[in-house]
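What follows is one structure encoded as structure tokens, with my remarks underneath.
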Amino acid sequence: MKKIISVLVLLAVNGYSDDNLKNFLMDKGLINKKEYEEYVKDKNKNGTEINGILTLRYYYLDNKTYSVSRERFLFQIKTEFLKKLNDNLTVNFGFATGDKSKPRSNYEIMGEGFSNKNLNLSLANATFQEKNFKLVAGKFKNNLWQSNSALIDSDINFEGAGFEFGNKNFNFVFDNLFLWEFASSKKDPRVYSFQISNANKYFKFALTYYDFVYVKGVSTSTFSSRPSSPYPLSNSVSNSKYKFDYDIISYDIKSELKLTKNILFSAFANYGLNSSVGEKNKFYIYGTDIFFTDKEYKKASIGFNYRKLENDSFLDIFPDVATYGGATGTESYRFVGCYNLNRNISVVPYYIYSKPLDKNYKKEDAIIVDINVKF
């Protein structure tokens, strides 16, 4: 251990630390790999953790309704800074690219005359944890377990407060989330979510209840993340205002089985019902994946999923924006692959065929290729 400390002090004094140098010192026997890893783990226990991901995207879109056929090149960057203040309290903040008026997407277009791009505060929260109890407040990542990202786009971070209690197999989550704030109203739109989930060796199951309140009667122009042209505005409206609140029950299950030493099979199904509406109130989502593992991580995968979201099955500011603009009242078929070059770099191609349930609109085809780089 003295050797380790001496070397680390030397590196700190010289202001230089490099993985190649670390490996060289290990090869020469100056530091022990196991002891070094234990030292770093202990050093970071109350330190700062920094994570980030850069995504480069090729996006081809063919919308038959408006005869829109074009290709685009985009990028996205997300960063996250986590500081553990003590054994119970952690603060977390992060930044992400993206247009603030489109909170369901952190992507920026390459081009636009070499213009500067947006960088926004995407995370800002404090988390208190004591054994099986956790409390988080601020702007935080989606803390609800979901087998897929069809209902809530993966770029959406929640705002409000969340409570979590659980052990190895059982988990309970309650969230009080704010959707919008009006200066002249005491009844701002919000959602209360309750989730109970349970897991065993082969299955994970979740029962989730979403209670959207004070949405009925709110202007449809309130939410900037609502689908816009060339996509249909899908939830039921009356005089340009939301016609319903939403009380949604969701049943979600996922299973992962090891077929061979290096092949995993995964399948999921998700069904939900909005009890506030008498018709066009259900969603159906299911899919499968096959993973090819290499030592300790998944080297490659191929997958398929189907999703059908009826018009009032979920509030239309949430669903995955890559599928027909994130509108409800749609169904889609998605084929996706993934190849991990290593733990930090992956290539992910998609083909998405979507069509609206409204026969006045036509289908849409999308081809997406992402290159993800973690840092």
Side-chain angles (χ1 to χ4, degrees), residues 1 34-53 78-96 120-149 151-179 181 188-213 248-254 256 270 296-297 318 343 374:
M1 180 58 73
K34 184 176 180 180
E35 289 181 349
Y36 173 82
E37 290 175 346
E38 289 176 351
Y39 168 80
V40 172
K41 183 178 179 181
D42 183 68
K43 179 176 179 291
N44 290 335
K45 185 176 181 181
N46 293 310
T48 301
E49 181 180 339
I50 304 174
N51 299 300
I53 183 168
K78 294 181 180 180
T79 61
E80 182 179 359
F81 302 84
L82 188 147
K83 173 68 175 179
K84 191 167 186 179
L85 301 180
N86 54 47
D87 289 340
N88 302 109
L89 186 62
T90 303
V91 293
N92 182 304
F93 67 94
F95 299 93
N120 308 302
L121 184 67
S122 62
L123 292 169
N125 61 76
T127 302
F128 176 84
Q129 185 166 4
E130 176 67 35
K131 296 182 179 179
N132 296 332
F133 165 87
K134 182 189 293 185
L135 182 65
V136 60
K139 188 172 182 64
F140 56 95
K141 291 181 180 180
N142 184 349
N143 59 348
L144 301 172
W145 179 80
Q146 296 173 293
S147 65
N148 62 91
S149 60
L151 288 182
I152 301 179
D153 192 288
S154 58
D155 277 348
I156 292 178
N157 291 328
F158 293 160
E159 296 185 14
F163 165 83
E164 187 172 347
F165 176 83
N167 55 34
K168 184 177 180 181
N169 296 319
F170 169 83
N171 204 55
F172 170 77
V173 178
F174 166 71
D175 288 330
N176 176 16
L177 307 176
F178 306 110
L179 301 181
E181 183 182 63
D188 295 325
R190 66 177 64 186
V191 57
Y192 304 107
S193 60
F194 304 82
Q195 182 180 82
I196 297 174
S197 61
N198 192 277
N200 59 38
K201 185 178 180 180
Y202 300 107
F203 294 96
K204 185 162 186 176
F205 172 81
L207 173 64
T208 311
Y209 173 65
Y210 302 91
D211 184 16
F212 290 87
V213 296
I248 298 161
I249 299 176
S250 170
Y251 305 90
D252 206 349
I253 189 169
K254 187 173 185 178
E256 189 171 282
N270 187 193
E296 297 179 357
Y297 70 100
F318 280 93
R343 291 183 181 274
K374 296 179 182 179

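Nothing fancy with the numbering, it's 1 onward along the sequence.
- Taken to the nearest 0.5 Å, the OG1 atom of Thr127 stands 8.0 Å off from the CG atom of Leu89.
- We find that Asp155 and Lys78 are joined by a salt bridge, their nearest charged nitrogen and carboxylate oxygen being less than 4.0 Å apart.
- One distance of note links NZ of Lys84 with CG of Asn86; it measures 8.5 Å at 0.5 Å rounding.
- Side-chain atoms of Asp153 and Phe318, non-hydrogen and from C-beta on, never get closer than 4.5 Å to each other.
- In this structure the side chain of Ile248 never reaches within 4.5 angstrom of the side chain of Thr208, judged on heavy atoms.
- Within a 6.0 Å sphere centred on CZ of Phe172, other residues, nucleotides and ligands contribute more than 12 heavy atoms.
- In this structure, Asn200 and Tyr202 have side chains that are in contact, with non-hydrogen atoms separated by less than 4.5 Å.
- Remark: the Asn92 side chain and the Glu80 side chain contain an N/O donor-acceptor pair separated by less than 3.5 Å.
- Ring geometry for Phe140 versus Phe158: interplanar angle over 60°, hence perpendicular rather than tilted (30 to 60°).
- Taking each heavy atom of Leu179 and Phe212 in turn, the nearest pair found is CD1-CD2, 4.0 Å.
- Residue Tyr251 comes nearest to Phe205 through the heavy atom pair CD2-CZ, 4.3 Å, listed as atom of the first residue, atom of the second, then distance.
- Residues Trp145 and Lys204 have side chains in contact (heavy-atom distance under 4.5 Å, counting atoms from C-beta outward).
- With hydrogens and angles ignored, the 3.5 Å screen pairs no side-chain donor or acceptor of Asn157 with any backbone N or O of Leu123.
- No side-chain donor-acceptor contact under 3.5 Å links Asp175 to the backbone of Leu177.
- Considering only heavy atoms from C-beta on, Leu144 comes within 4.5 Å of Ser193 through its side chain.
- Ring centroid separation for the pair Phe174 and Phe163 does not come in under the 6.0 Å cut-off.
- Checking Gln146 against Asn148 by side-chain atom types alone, no donor-acceptor pair falls below 3.5 Å.
- Looking at every heavy atom in both residues, Leu135 comes nearest to Phe133 through CB-CZ, 4.1 Å.
- Between Tyr210 and Ser250, the shortest heavy-atom distance links the atoms CE1-CB, 4.1 Å.
- Remark: aromatic rings of Phe81 and Phe93 are close, center separation under 6.0 Å.
- In the model, Asp252 has a side-chain atom that pairs as donor or acceptor with a side-chain atom of Ser147 under 3.5 Å.
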Next on the checklist: Would Phe194 and Val173 count as a side-chain contact (heavy atoms from CB on, under 4.5 Å) here? Give the steps.
Outcome noted: CA-CA 6 Å; Phe194 304 82; Val173 178; over 6 Å; no

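- Under the 3.5 Å distance criterion, the side-chain polar atoms of Thr79 are matched with a main-chain donor or acceptor of Phe95.
- Side-chain contact check for Asn171 and Glu164: at least one donor-acceptor pair (N or O, by modelled atom type) lies under 3.5 Å.
- Using a 4.5 Å cut-off on side-chain heavy atoms (C-beta onward), Leu85 and Lys83 make contact.
- Residues Val191 and Asn176 form no side-chain contact, since every pair of their non-hydrogen atoms from C-beta on lies 4.5 Å or further apart.
- If you check the side chains of Asn88 and Gln129, you find no donor sitting under 3.5 Å from an acceptor.
- The main-chain N or O of Gly94 is found under 3.5 Å from a side-chain atom of Ser122 such that the two form a donor-acceptor pair.
- A distance-only check finds a donor-acceptor pair linking the side chain of Asn125 to the backbone of Lys139 [under 3.5 Å].
- Asn198 contributes no side-chain N or O that, together with a main-chain N or O of Phe170, makes up a donor-acceptor pair within less than 3.5 Å.
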